[in-house]
Number of protein chains: 2
Amino acid sequence: MTTPPLGLRDQKKLARREAMIQAAVRLAVERGVENALIEDITAAAGVSHRTFSNYFGGKAEAIAARHLDRARGVAEALRARPAGEPLWDAITHAALSPYKADRKRPDPEWTASIRLMTSEPSLLGEFLKTNAIAERELAEVVAERTGTKVTRDLYPRLVAATVWAAVEVATDKWLSTAKPAPITQLVRNALRQVAAGLPDPSAG
Amino acid sequence: MTTPPLGLRDQKKLARREAMIQAAVRLAVERGVENALIEDITAAAGVSHRTFSNYFGGKAEAIAARHLDRARGVAEALRARPAGEPLWDAITHAALSPYKADRKRPDPEWTASIRLMTSEPSLLGEFLKTNAIAERELAEVVAERTGTKVTRDLYPRLVAATVWAAVEVATDKWLSTAKPAPITQLVRNALRQVAAGLPDPSAG
DNA sequence: GAGCAATCTTGCACCCCACGCAAGATCCCC
DNA sequence: GGGGATCTTGCGTGGGGTGCAAGATTGCTC
C-alpha cells in the first residue's frame, strides 16, 4: 500500500512510535492510567521524556494512536472498493476491513485500548476525537463516491457520522456483553439498521 | 421544571458556576484558549483558583458546561412528548427544543462556545464527550418509548447516536456557512435524511 | 436567635505534564 | 567521507490538577 522504500531514519521513527504506544497501553492497563507515568512509559520504550512529547500530544493521544491507525483504514478501504458497488454494500465491507487482519478474535491490544479509553473519563475525549478524524476522512470518500460535496451537502457527513455511530455502538455492545456475537456480525447488523432508517419497532 | 425551592447555599453555587462558565467562555474567545489562564477566569468570576477545580475538571469542562446543559435538554424534552406521537416526530420536536428559548438567532454565547470547541483541538474532546453524555441519556428515553432495552438491544443506542450525528452535522454546517439557512431547518432536514436511511443519491 | 453540625471555600504544597530552546547525535545523499 | 538536514535529548519554565486541613458560611434545631 503505502510503502515507498523506508529509510533507516523513518524505520527508527516507526519503531519508537510503536514502542511508545505499546508501552503506554500496557502500563495503563496494568496499573491504571493515572499510575502509568509518562516517565515510566518512556523508560519502557527506551526514549527520553522529551521525545514522547515530540510524538504525542499527551498520554491519551499515545493510547489512542493504535485505534486511530485502525479507524483511518475504513476510509481507505472504502476508496478501494469497486466503483460500481452499491454504496451501503461498499460501506459495510469497508467498515469490516479492520477485522480482516484479525484471526477469529480482534487484536487483544486494540481491544484493551478501546476498553481503557471508553472506561477512563480522561481518555474518552481523545477516543471520540479519533473517531471524529476517521469520520471526516470517511465523509470525504463518501462524497467522492456519491457525487456530493462535503462543504455543500449534508449527505456525505450524515452517512459518515451514521456509519461511525453504528460501529461505535456495535463495538460497545461487543465489549460489554459476556458472550457476545462476533463483532463483525454486530457491525453488519448495526449498519443494516441505520441504512434502513431505524423505523420504530413498537409501531407495528 | 426542576425547581425544588433552592436554598441560599445552592443559589450561590449556581451563581458561582454561572459566573465561571461565562468568564471562561468570554476570556477564551477574547484572547484565545491558551492565553485565558484559569487564574484570569477565577479572578473574573470572583472565586479562588481552588474553587474552580471543585466545580470543573478543567478549562475545557467549564467551557463545555453550557452546551452540556443545553444538550441534556433534548432527552428531557423527548420524555415530555405525548406517548402516542410517532417516534421520529417526537425526536424531531425534542431535538429542536433547545432552540425554543432563542428568539430568531441561537444564543450568541452558546454559538461562541460551540465555535470555540469545534475549532480548538484542546477543546474538541470535551465537546464530543458532552454530546456522548447527552446521547446516552437520549438512548435511555428512546428505550422507554420503544419498549427496548439499552443493555440488550442495539436499537435505542443507534437511534440516539444517529440523532446526535444529525444534530452535530447540521450545527457544523450552520456554523461554517456564510449565510446559512435557519439552524432549525437544517436540523429538521438532517433528521429527515437519517430517518429515511440515507439512500444513495447517485443510484437513481 | 443562638449555637452546633454539615458543607463549602480557600490557601498551601506537591507532582505531573506540555513546550521553547539550544546542543549534541544521527542519518541522508552526493 | 563530509556537510547539511533532521531528530533526540536535557534543561528550564510555567500551567494545571488534587489531597489536606483550616477557616468561613449556611442550615437546622431547640
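Every chain is numbered from 1 and lettered A, B, ... according to where its sequence line falls, protein lines coming before strand lines.
Closest contact between the side chain of Ser48(B) and the listed nucleotides dC27(C), dA18(C), dT10(C) involves dT10(C). When distances are taken from the side chain of Leu37(A) to each of dT8(D), dC16(C), dT9(C), the shortest belongs to dC16(C). Among the nucleotides dC17(C), dT10(C), dC27(C), the one closest to any side-chain atom of Arg9(A) is dC27(C). Taking only side-chain atoms of Leu8(A), from C-beta outward, the nucleotide of dT10(C), dT25(D), dC27(C) with the closest atom is dC27(C). Among the nucleotides dT25(D), dT9(C), dT9(D), the one closest to the side chain of Val47(A) is dT9(D). Of the candidate nucleotides dT9(D), dC17(C), dT10(C), dT10(C) has the atom lying nearest to any side-chain atom of Thr51(B).
As a whole-Å value, the separation of Phe52(A) CZ from dC16(C) P is 15 Å. Taking atom NZ of Lys13(B) as the reference point, atom P of dT7(C) lies 11 Å away to the nearest angstrom. If you take CD1 of Ile38(A) and P of dG16(D), they are 17 Å apart, rounded to a whole angstrom. Taking atom CZ of residue Arg50(B) and atom C1' of nucleotide dA22(D), one finds them 14 Å apart after rounding to whole Å. Atom CD of Gln11(B) is separated from atom P of dT7(C) by 19 Å (rounded to the nearest Å). Whole-Å rounding puts the Asp10(A) CG to dC28(C) P distance at 8 Å. Rounded to whole Å, atom C1' of dC7(D) lies 11 Å from atom NZ of Lys12(A). Nucleotide dC7(D) holds its P atom 15 Å from the CZ atom of Arg17(A), rounded to whole Å.
Note on Asp153(A) versus Lys173(B): no salt bridge recorded, every NZ/NE/NH1/NH2 to OD/OE distance being 4.0 Å or above. Here Arg26(A) pairs with Glu30(A) in a salt bridge; the nearest charged N to carboxylate O distance falls below 4.0 Å. For Arg66(B) and Glu18(B), the salt-bridge test passes: some basic side-chain N is under 4.0 Å from an acidic carboxylate O.
In this model, the phosphate group of dC17(C) is approached by a side-chain N or O of Lys59(A) to a distance below 4.0 Å at OP1 or OP2. Between Tyr55(B) and dC8(C) there is no side-chain polar atom (N or O) within less than 4.0 angstrom of OP1 or OP2.
Summarising the geometry of Pro82(B) relative to Arg145(B), their closest heavy-atom pair is O-NH2, 2.6 Å, with the distance given to 0.1 Å.
Once rounded to the nearest 0.5 Å, the distance linking CG of Leu128(A) with CD of Glu135(A) reads 10.5 Å.
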